[in-house]
Amino acid sequence: MNTQSAPLLSARNLVKTFPVRRGGYAWRPKVEFRAVDDVSFDIEAGRTLGLVGESGSGKSTIGRAITLLVPPSSGSIRFEGEEITGLNATKQRSVRRRFQMVFQDPYASLNPRMRVGEFVAEPLVIHGLMPQRNERNEFVAELFTKVGLDPRFVDRFPHQFSGGQQQRICIARAISLKPSLIIADEPISALDVSIQAQVVNLLQDLQTELDLTYLFISHDLNMVRHICHGVAVLYRGRIVEIAPTTELFQNPLHPYTQVLLSAISVPDPIVERARQHILMDPTMDYGEPDSRLVEVSSGHWLAAARCETDGVTT
Ligand SMILES: Nc1ncnc2c1ncn2[C@@H]1O[C@H](COP(=O)(O)OP(=O)(O)O)[C@@H](O)[C@H]1O
Ligand SMILES: [Mg+2]
């Protein structure tokens, strides 16, 4: 939450509620379930913010709220200096070009009946860019090369590619409109471990080459540590801690962050055996009565209520 330079993306007090029936019983009245509850964070241009938290903590909902796929119930999103919530349909369309999503399951994102070259070119067609087919094909071939695929494969169908290649195709489509922000929602979780690093390396190379900013949603903390500049820890729809990556991993302050970090395995059997695991106690409620964050050291923010209980002074 740096106030000195204008961040590329600034989310403030984001709330997303869903109407749900308690216990899923049809006869019960609907109540508002706060999947994302008063979430604020910034991402500086050219940086990667990791968003971590257990399944169901609201990570994907935050990603979708930012892209306005699932418009937030309240709160503000400033993107490239402009408030994007409440824009009319035409303006929304043009701002949406500036951010793209990459999802966990590449095959589900691809259209099985569409040749992959057409799939990559589709956003250009939708936005009426490069109307000349030749120019478009040339550009798609360039994109294929950029993501490490042979451009001769443009006429193939998705099932003819491996999972890693399919994710590369999805990444090629995501960068086709030259976005500035990419929201990658568990982009490598469905891939073989052996190719995860390759896809992550590709994302990192593209970041430098195309000046991209990432919101990297993941539950793989080793990967987050490796590629993210900052990390936000989400717990039950609220950010409980946010800090530069090194600071968070060296000095996790929130008990929930400590539990998450203690679960990371270390590829050294001696260190691994000596390591202290903090067991997640499902009965323990780490929930905060309020979602205010307090800056405990430079760039390290902690849920305010936790500061009070732990006596952390600011
Ligand atoms: N369309 C929806 N309707 C009702 N509840 C939803 C909907 N989308 C997500 N949720 C709920 O919001 C919570 C957060 O979901 P999600 O953002 O997918 O979590 P994560 O990505 O961290 O696993 C979950 O409890 C989920 O069941
Ligand atoms: Mg998710």
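Only heavy atoms go into these numbers, but all of them, side chains included; no hydrogens, no water, no symmetry mates. For ligands, and for the atoms within them, numbers begin at 1 and follow the listed sequence.
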Quiz item: Heavy-atom count around Arg98 CZ within 6.0 Å, excluding the residue itself: above 12?
Solution: yes

Quiz item: Counting N and O atoms only, with roles assigned by atom type, does the side chain of Ser73 sit under 3.5 Å from a partner on the main chain of Thr17, one being a donor and the other an acceptor?
Solution: yes

Quiz item: Does atom 26 (C) of ligand 1 have any protein heavy atom closer than 4.0 Å?
Solution: no

Quiz item: atom 11 (C) of ligand 1: which protein heavy atom is closest, and how many Å away?
Solution: Phe33 CE2, 3.8 Å

Practice problem: Indicate yes or no: does Asp220 engage Arg225 in a salt bridge with an N to O separation below 4.0 Å. | Solution: no

Exercise. Compare Gly56, Gly58, Gly237, Ser60 and give the one whose heavy atom is closest to atom 24 (C) of ligand 1.
Key: Gly56

Quiz prompt | Verify atom 16 (P) of ligand 1: protein non-hydrogen atom under 4.0 angstrom away | solution = yes

Quiz item: Under a heavy-atom criterion of less than 4.0 Å, does Lys16 contact ligand 1?
Solution: no

Self-check item: Shortest non-hydrogen contact from Leu221 toward Phe249
Solution: O-CZ, 3.6 Å

Self-check item: side chain to side chain donor-acceptor pair (under 3.5 Å) partner of His219, chosen from Glu54, Glu186, Lys59
Solution: Glu186

Quiz item: With a cut-off of 2.8 Å, which protein N/O/S atoms are close to the Mg ion (ligand 2), if we only count those under it?
Solution: Ser60 OG

Exercise. Do me a favour and list the nearest non-hydrogen protein atom to atom 10 (N) of ligand 1 with residue, atom name and distance?
Key: Phe18 CE1, 3.5 Å

Quiz item: How close does the nearest protein non-hydrogen atom get to atom 12 (O) of ligand 1, and which residue and atom is it?
Solution: Ala35 CB, 3.3 Å

Quiz prompt | Proximal ligand 1 atoms for Ser55, defined as those under 4.0 Å from one of its heavy atoms | solution = 23 (O)

Quiz item: Going by the atom numbers of ligand 1, which of them fall below 4.0 Å from some non-hydrogen atom of Glu54?
Solution: 22 (O)

Practice problem: Tell me, please, whether Tyr25 has Arg21 positioned over its six-membered ring: NZ or CZ under 6.0 Å from the ring centre and within 45 degrees of its axis? | Solution: no

Exercise. Look at atom CD of Glu122 and say whether more than 12 heavy atoms of other residues, nucleotides or ligands are closer to it than 6.0 Å.
Key: yes

Quiz item: Taking all atoms of both residues into account, what is the closest heavy-atom pair of Leu49 and Ala232, and its distance?
Solution: CD1-N, 4.1 Å

Exercise. Please state whether the rings of Phe79 and Phe99 are parallel, tilted or perpendicular, taking 30° and 60° as the class boundaries.
Key: perpendicular

Practice problem: Give the ring-plane orientation class for Phe157 versus His159, where under 30° counts as parallel, over 60° as perpendicular and anything between as tilted. | Solution: parallel

